[in-house]
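Only this structure's heavy atoms are used, side chains among them; waters, hydrogens and symmetry mates stay out.
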Amino acid sequence: MAEVKLFGSWGSPFSRRIEVALKLKGVEYEFIEEDIYNKKSPLLLKYNPVHKKVPVLLHNGKPICESVVILEYIDETWEGPSILPKDPYERAMVRFWVKFLDEKCFPAMWQACWSIGEEQEKAKEEATEFLKILEGTLSGKKFFGGDSIGMVDIVANFIAYWFMILQELAGIVVLTKEKFPKLNEWMNEYLNCSIIKENLPLKDKLTAVFQARFQAVAVAAAAAAPSVK
């Protein structure tokens, strides 16, 4: 059995977080693709019986679940470029911003793309406010942690790639170069790193998946709408 296995999904930003971290550390691993929408494998259900989600890292037969927990585990287990800073205060700040991204930014940004009407407008306003806060943390820095990619950058991958595709398909304008110049500079730096470019899902493939979902949502909404006679 391979020492390191990663149960994930090709299009998941959470799975891609782990792949980037493993590549940064130079860790060899086996990627096991999971069909998370149709049929989850017995091994995934065995190794993550609580949430039944990807990613799951299997190291020497022991499973670690939840992407942020896995990122910290990778940083503590393998040599190589540090994902988290050594200073306790700086580490605490990284954990704060990671929590902010996962619990505040991403839900609002996701909702802004998939909701409609007043709900969508509220989500767009919330997402804009959260992005303004992030914009302010980048003053004078190449990445969120300084001159090299760290944990906050890896966790913020959804903003740099997935959200930019989604907002275009949804026909909304939230994150633009004019409104958020520093975030756009960060996105360019992040996406142009070779290790990041090599570990992004193909844009055309991801776009096709999202388009299919938007169409399915539109059909469901039309079917649920009351008929007018």
*Quick check, are the ring centers of F106 and W110 under 6.0 angstrom apart?*
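Between F106 and W110, the centre distance exceeds or equals 6.0 Å.
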
Could you pull out the closest heavy-atom pair between [X] and [Y], with the gap in Å?
X: M151; Y: L71; answer: CE-CB, 4.0 Å
X: E33; Y: S9; answer: OE2-CA, 3.5 Å
X: I64; Y: V69; answer: CG2-CG1, 3.9 Å
X: A170; Y: C113; answer: CB-O, 3.5 Å
X: I172; Y: A112; answer: CD1-O, 3.5 Å
X: F210; Y: L169; answer: CB-CD1, 3.5 Å

Below 4.5 Å, heavy atoms only, C-beta onward: do [X] and [Y] meet side chain to side chain?
X: E129; Y: K132; value: yes
X: L44; Y: I32; value: no
X: W97; Y: I133; value: yes
X: Y161; Y: P201; value: yes
X: L58; Y: V4; value: no
X: E189; Y: D153; value: no
X: N157; Y: V20; value: no
X: L6; Y: V54; value: no

*Would you call the rings of Y47 and F7 parallel, tilted or perpendicular if under 30° counts as parallel and over 60° as perpendicular?*
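If you compare the ring of Y47 with that of F7, the planes turn out tilted.
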
If I take atom [atom1] from residue [X] and atom [atom2] from residue [Y], how far apart are they, to the nearest 0.5 angstrom?
X: K142; Y: I149; atom1: NZ; atom2: CD1; answer: 8.5 Å
X: F180; Y: I159; atom1: CZ; atom2: CD1; answer: 10.0 Å
X: N199; Y: R17; atom1: CG; atom2: CZ; answer: 14.5 Å
X: N184; Y: L138; atom1: CG; atom2: CG; answer: 11.0 Å
X: E126; Y: Q111; atom1: CD; atom2: CD; answer: 9.0 Å
X: L175; Y: L166; atom1: CG; atom2: CG; answer: 12.0 Å

[X] bridged to [Y] by N-O distance under 4.0 Å:
X: E121; Y: K124; value: yes
X: K179; Y: E135; value: no
X: E185; Y: K182; value: no

*Are the side chain of K141 and the backbone N or O of T137 linked by a donor-acceptor pair below 3.5 Å?*
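Confirmed, K141 side chain pairs with T137 backbone.
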
_Tell me if a side-chain donor or acceptor on K104 pairs with a main-chain N or O of F130 at a distance below 3.5 Å._
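No: the side chain of K104 does not pair with the backbone of F130.
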
Verify the cluster assignment for [X] and [Y]: are they in a single hydrophobic cluster under the rule of side-chain heavy atoms below 4.5 Å apart?
X: L43; Y: Y37; value: yes
X: V174; Y: I116; value: no
X: W186; Y: W162; value: yes
X: F14; Y: Y29; value: no
X: M109; Y: V173; value: no

_Please evaluate residues R16 and L200 with respect to the criterion side-chain contact (heavy atoms from CB on, under 4.5 Å), reporting the C-alpha separation (whole Å), side-chain torsions for both, the decisive distance (0.1 Å), and the verdict._
CA-CA 7 Å; R16 296 288 174 163; L200 290 172; 5.8 Å; no

*For the pair C193 and F143, evaluate side-chain contact (heavy atoms from CB on, under 4.5 Å) and give the outcome as yes or no after the intermediate values.*
CA-CA 11 Å; C193 289; F143 298 105; 3.9 Å; yes

Tell me if the [atom1] atom of [X] is crowded by more than 12 foreign heavy atoms within 6.0 Å.
X: D147; atom1: CG; value: no
X: K25; atom1: NZ; value: yes
X: N192; atom1: CG; value: yes
X: K203; atom1: NZ; value: no
X: E168; atom1: CD; value: no

For residues 78-93, which side-chain N or O atoms pair as donor and acceptor with protein atoms under 3.5 Å away, sequence neighbours left out?
unit_1: D87; atom_1: OD2; unit_2: Y89; atom_2: N; d: 3.1
unit_1: D87; atom_1: OD2; unit_2: E90; atom_2: N; d: 3.0
unit_1: R91; atom_1: NH1; unit_2: P85; atom_2: O; d: 3.0

*Begin with the C-alpha distance, continue with both residues' side-chain angles, and end with the deciding distance and a verdict on side-chain contact (heavy atoms from CB on, under 4.5 Å) for I18 and Y73.*
CA-CA 10 Å; I18 310 310; Y73 178 84; over 6 Å; no

_If you apply the rule side-chain contact (heavy atoms from CB on, under 4.5 Å), what do you find for E3 with N60, and how did you get there?_
CA-CA 5 Å; E3 182 188 25; N60 289 330; 3.2 Å; yes

